[in-house]
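Below: the structure, in structure tokens.
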Amino acid sequence: MARSTAQSKLRDRLCSIYKDILVVNNISLAEEVAKMLTVNYRHLIHACDTEVAKINVKQETPVDHGEIICFSIYSGSEADFGGGKSCIWVDVLDGGGKEILNKFAEFFQDSSIKKVWHNYSFDCHVIQNYGFKVSGFHADTMHMARLWDSSRRWVGGYSLEALTGDKGVMFGAKLDHEKDLIGKVSMTTIFGLQKLKKDGSMGKMITIDPVDVLQRDERIPWICYSVLDARSTLMLYESLKSHLSNMPWNLDGVPVLRKNMYDFYQQYWRPFGELLIKMESEGMLVDQLYLKEIEKVAKAEQEAAVNRFRKWASRYCPDAKYMNVGSDAQLRVLLFGGTLNRKNPVEAIPSERIFKTPNVDKVIEEGKKAPSKFRDIKLNSIGYNLNVEMYTPSGWPSVSGDALKVLAGKVSAEYDFIDACDMVLDDEDGNPSQSEVLPVEIDKSAYGTAFSAFPTEEEGKEACHAIAALCEVCSIDSLISNFILPLQGDNIAGKDHRVHCSININTETGRLSARRPNLQNQPALEKDRYKIRQAFIAAPGNSLIVADYGQLELRILAHLANCKSMLEAFEAGGDFHSRTAMNMYPYIREAVEKKEVLLEWHPQPGEEKPPVPLLKDAFASERRKAKMLNFSIAYGKTPVGLSKDWKVSVKEARRTVDLWYNDRKEVLKWQEERKKEACETQCVHTLLGRARRFPKIDPAFSYHKGHIERAAINTPVQGSAADVAMCAMLQISNNKKLKKLGWKLLLQVHDEVILEGPTESAEVAKAIVVECMSKPFNGKNFLKVGLSVDAKCAQNWYAAK
DNA sequence: ACGGGCCGCGCC
DNA sequence: AAAGGGCGCGGCCCGT
């Protein structure tokens with residue numbers, strides 16, 4: 001173990017702040033200091049930071065997890081806690097545990113004492129784990145930084161270290177970067193130890209002791225490290241406050257008088273941040289027994305499908321019996337061995353390759369006594385050239401579900417293959433092979449592109465069934481490994497058996513994202529073959545309310561572009577996509593006008609079926625295209641992409657796109673304006689005035705330009721929808737009646753919110769939620785378009801959709 | 001054993 | 001030459 005000289009120097013510099021630190025390591029001192037905070041210095045802004053042990057931040061939620069070992073508070077240089085010391089460091093580990101923490105309860109709980117944090121969610125949860133709620137939240141520098149520049153993800157990111165180390169961010173600080181240590185320094189930089197190699201040189205492996213060990217064994221650097229977090233947070237806050245204050249605030253394109261983006265932060269994102277933490281604390285109740293049940297079913301179905309595929313594949317490649325059908329590398333060799341890389345034709349998929357695979361059959365390899373954990377299998381190509389229609393971004397043939405579906409066609413995955421050894425026996429006996437025995441009545445249209453790659457129809461047919469089975473394996477596998485298993489992980493749930501995902505404001509557009517686990521990507525109803533959403537339940541006596549916006553993004557687009565036709569269509573109500581189709585195709589309009597088809601149908605009492613066909617049935621393909629365009633155009637999809645989806649020429653796709661724009665000229669104009677704005681000002685804005693920045697377009701990369709242009713037309717739509725959803729959530733959360741009835745927000749999925757509360761008030765609450773969402777701006781809706789909201793209550797997420 | 005790249009895929 | 005925006009996450013595989 002060794003320290004580099006650079007590390008030693010940095011540690012020396014770090015320790016120079018020790019003289020400013022009051023170390024609080026006993027109860028009576030804690031009492032004294034806490035009193036100064038809550039009385040003498042209560043008017044100051046305090047940056048706080050905790051250090052936490054016994055938590056695996058990559059896997060666990062801080063709700064009900066983690067132990068605070070120390071915390072630090074910095075209230076600016078004017079505070080003096082004795083002897084000119086301006087920083088407080090409190091030893092929770094050896095200074096009194098929960099008792100010492102309790103001395104600061106009043107400070108943390110006082111709503112009039114302003115506290116700033118970096119990533120407040122984490123600290124808030126770990127402090128709340130000790131039984132007192134944290135109040136007086138003034139700012140989260142992570143969110144402020146995101147609001148100031150949402151595009152740092154790939155260039156620096158939003159860690160305290162990255163932000164405070166960036167001179168472009170810290171411009172407000174009147175400090176000398178060279179002389180004063182103002183930026184956070186990571187734990188690895190200060191405490192990381194490099195293992196020495198045998199020859200005495202520095203190795204690459206860096207180890208780091210657990211934080212509680214550091215606190216005891218590296219006391220002074222550790223104390224300084226911890227305090228520096230609080231100090232740099234306060235300086236970051238000041239800097240970002242200046243930045244945001246210098247950004248004018250435009251609401252729906254109109255300047256908000258004498259207000260700037262710091263005001264925006266305080267008005268919207270600060271309360272929103274606090275709301276998200278509340279939602280994280282609530283968590284969702286998950287029915288573990290139910291998950292166990294569907295896990296069994298899913299695994300059985302998966303195994304059946306795996307066996308079908310392996311049985312077929314082993315005819316062409318004996319070791320395929322043991323292959324991992326979930327490995328894209330193995331599938332690639334088997335199905336596409338010998339194929340060249342499209343981007344780099346020097347590389348090819350090997351026709352034969354050795355893979356390591358779990359030794360399930362306990363095969364004892366040559367020269368070994370006991371079966372090893374893994375063994376080698378040799379996979380080879382099936383030997384027929386399958387048509388490659390889809391490629392991965394790096395140029396290899398794709399083995400994704402979509403690509404496999406093209407190969408398989410629309411055939412059933414249920415098909416019983418005979419064993420490879422049976423085939424061999426038949427051949428050896430000179431008996432007719434299977435293909436000649438079976439009736440050869442084949443409807444070729446159902447089979448995919450794999451069919452014709454094989455020498456006989458029977459072989460082609462079986463290949464399609466086998467690949468269909470493979471598709472099924474993949475889809476079941478993804479349901480099991482992405483949803484069914486993670487939701488049962490014991491690291492996921494808190495003490496209350498509820499799942500507390502973290503809900504983050506961390507996207508470039510302002511949408512939320514969810515992690516550990518991601519509850520925003522649970523299977524949609526149609527694809528949810530195991531009804532996973534049924535596992536999300538309300539507690540006994542409670543119900544869930546699930547409320548979602550109808551065509552939120554399209555409505556936003558209609559508003560932003562001020563598109564007459566779209567606004568009228570929404571005004572008229574009914575099926576928006578049908579109306580789009582009618583406006584695109586004159587013959588559909590004619591049919592509607594002649595009352596040969598109905599735009600939509602509201603059954604009258606006694607009416608069994610509509611008097612004339614519905615548009616969506618009579619012109620199904622036109623409506624499908626219209627619907628697809630409605631969704632695609634806001635994302636910036638091009639005729640080239642659409643031509644692939646629709647399997648038509650680019651020219652044909654372009655004509656259809658033109659039909660869509662025909663009565664929506666304003667949209668085209670608006671999109672051109674956004675592209676121009678992005679190009680000229682490197683910025684576009686959302687409804688509430690949040691900006692998204694873009695880098696200057698580098699003419700050397702035209703793809704770059706395309707991406708920026710698409711993001712420029714999408715961000716105002718997606719971001720404004722996020723703004724609306726946020727406002728709605730704030731309305732819901734501030735609603736006194738809902739609060740009194742005991743209804744709480746649990747989750748947001750972009751245009752959908754989920755609440756839980758007492759069943760007896762579910763209907764009343766539902767009506768309030770709908771009202772809040774329909775009028776999300778302080779009880780009003782200033783948009784040129786109405787907001788439609790659909791809401792249901794039920795015992796679980798599946799039933800409430 | 002762990003981290004990162006790649007692929008693929010779930011959602012809106 | 002490629003051509004839909006925004007996410008998180010799991011498995012595999014290869015590097016250290």
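Proteins get letters first, then strands, A, B, ... in listed order; numbering begins at 1 in each.
- Counting non-hydrogen atoms under 4.0 angstrom, A/Glu553 reaches nothing in the nucleic acid.
- Taking side-chain N and O atoms only, A/Arg511 has no distance below 4.0 Å to OP1 or OP2 of B/dC11.
- Residue contacts shown for A/Gly641 are limited to sugar-phosphate atoms, with no base heavy atom under 4.0 Å away.
- The nucleotide whose nearest atom lies closest to any side-chain atom of A/Asp751 is, among B/dG8, C/dG6, B/dC12, B/dC12.
- Spacing between atom CG of A/Leu470 and atom P of B/dC9 amounts to 10 Å, rounded to whole angstrom units.
- Distances were taken from every side-chain heavy atom of A/Lys527 (C-beta onward) to each of C/dG10, B/dC11, C/dG6; the shortest belongs to B/dC11.
- Along DNA chain C, the nucleotide nearest to A/Arg710 and the one nearest to A/Ala329 differ in position, and the one closer to the 5' end is contacted by A/Arg710.
- For the C1' atoms, the distance from B/dC9 to C/dA2 is 22 Å, rounded to whole Å.
- The residue A/Glu752 sits apart from the nucleic acid: no heavy atom pair falls under 4.0 Å.
- One finds no side-chain N or O of A/Thr715 lying less than 4.0 angstrom from the OP1 or OP2 phosphate oxygen of C/dG6.
- Residue A/His707 places none of its side-chain N or O atoms closer than 4.0 Å to OP1 or OP2 of C/dA3.
- Spacing between atom CD1 of A/Ile480 and atom P of B/dG10 amounts to 14 Å, rounded to whole angstrom units.
- Between A/Glu295 and A/Lys299 there is a salt bridge, since a side-chain N of the basic residue sits under 4.0 Å from a carboxylate O of the acidic one.
- For A/Ser327 and C/dC13, the shortest distance from a side-chain N or O to OP1 or OP2 is below 4.0 Å.
- Across A/Asn521, A/Thr507, A/Asn506, a single residue satisfies side chain to side chain donor-acceptor pair (under 3.5 Å) together with A/Ser513, and that is A/Asn506.
- Salt bridge absent: A/Asp149 and A/Arg692 never bring a charged side-chain N and a carboxylate O closer than 4.0 Å.
- Listed nucleotides: C/dC13, C/dG4, C/dC7. Nearest to the side chain of A/Phe355: C/dC13.
- Computed from coordinates, the A/Gln522 CD to C/dG8 C1' distance equals 11 Å when rounded to whole Å.
- Between A/Asn482 and C/dG8 there is no side-chain N or O to OP1 or OP2 distance below 4.0 Å.
- With hydrogens and angles ignored, a donor-acceptor pair closer than 3.5 Å exists between the side chain of A/Ser632 and the base of C/dG4.
- Taking the 5.5 Å centre cut-off and the 30° plane limit, the aromatic side chain of A/Tyr635 is classed as stacked on C/dG5.
- If you check C/dA3, C/dC13, B/dG10 against the side chain of A/Asn521, the one that comes closest is B/dG10.
- With B/dC12, C/dA2, C/dC9 as the candidates, the nucleotide lying closest to the side chain of A/Arg516 is C/dC9.
- Comparing atom distances between the A/Asn518 side chain and each of B/dC12, C/dG8, B/dG8 picks out C/dG8 as nearest.
- One interatomic measurement links the two molecules: CG of A/Asn504 to C1' of C/dC9, which rounds to 14 Å at whole-angstrom precision.
- Listed candidates were B/dC12, C/dC9, B/dG10. Nearest to the side chain of A/Val749 is B/dC12.
- With salt bridges taken as basic N to acidic carboxylate O contacts below 4.0 Å, none links A/Arg515 and A/Glu60.
- Base pairing analysis places C/dG4 opposite nothing; no Watson-Crick or G-U wobble pair with both distances below 3.5 Å involves it.
- Minimum atom distance to the side chain of A/Lys637 is reached by C/dG4, of the listed C/dA3, C/dA2, C/dG4.
- Nucleic acid contact class of A/Gly401 (heavy atoms, under 4.0 Å, all strands): sugar-phosphate only.
- Side-chain N/O atoms of A/Ser475 include none lying less than 4.0 angstrom from OP1 or OP2 on B/dC9.
- Following rounding to the nearest Å, A/Trp646 (CH2) and C/dG4 (P) show an atom-to-atom distance of 13 Å.
- Taking atom CD1 on A/Ile476 and atom P on B/dG8, their separation rounds to 19 Å, with Å as the unit.
- Put simply, A/Arg674 has no side-chain N or O that comes within less than 4.0 Å of OP1 or OP2 on C/dG5.
- Of the candidate nucleotides C/dG4, C/dG5, C/dC7, C/dC7 has the atom lying nearest to any side-chain atom of A/Ser513.
- A sub-4.0 Å separation between OP1 or OP2 of C/dG10 and a side-chain N or O of A/Ser478 is absent.
- A/Asp477 comes within contact range of no nucleotide atom at all, as no heavy-atom separation falls under 4.0 Å.
- The aromatic rings of A/His143 and A/Trp269 lie perpendicular to each other, with more than 60° between the two planes, well past the 30° mark.
- Between A/Trp154 and A/Glu508, the shortest heavy-atom contact is NE1-OE2, 4.3 Å.
- Backbone-only contact: A/Ala514 has heavy atoms under 4.0 Å from sugar-phosphate atoms and none from a base.
- For A/Phe483, counting side-chain heavy atoms from C-beta on, the closest listed nucleotide (B/dG3, B/dG10, B/dC12) is B/dG10.
- In this structure, CZ of A/Arg342 is placed 6 Å from P of C/dA2, rounded to the nearest angstrom.
- Using a cut-off of 4.0 Å between Lys/Arg side-chain N and Asp/Glu carboxylate O, A/Lys669 and A/Glu673 are scored as salt-bridged.
- A/Gln718 comes within 4.0 angstrom of a nucleotide base, judged by non-hydrogen atoms across all strands.
- Distances shown here put a side-chain N or O of A/Arg353 below 4.0 Å from the OP1 or OP2 atom of C/dC14.
- Using a 4.0 Å heavy-atom distance criterion, A/Val717 is classed as making no nucleic acid contact.
- A/Leu746 pairs with exactly one of A/Leu755, A/Val753, A/Ile503, A/Leu544 by the side chain to side chain contact (heavy atoms under 4.5 Å, CB included) rule, that one being A/Leu544.
- What separates CD of A/Gln748 from P of B/dC11 is a distance of 17 Å, to the nearest Å.
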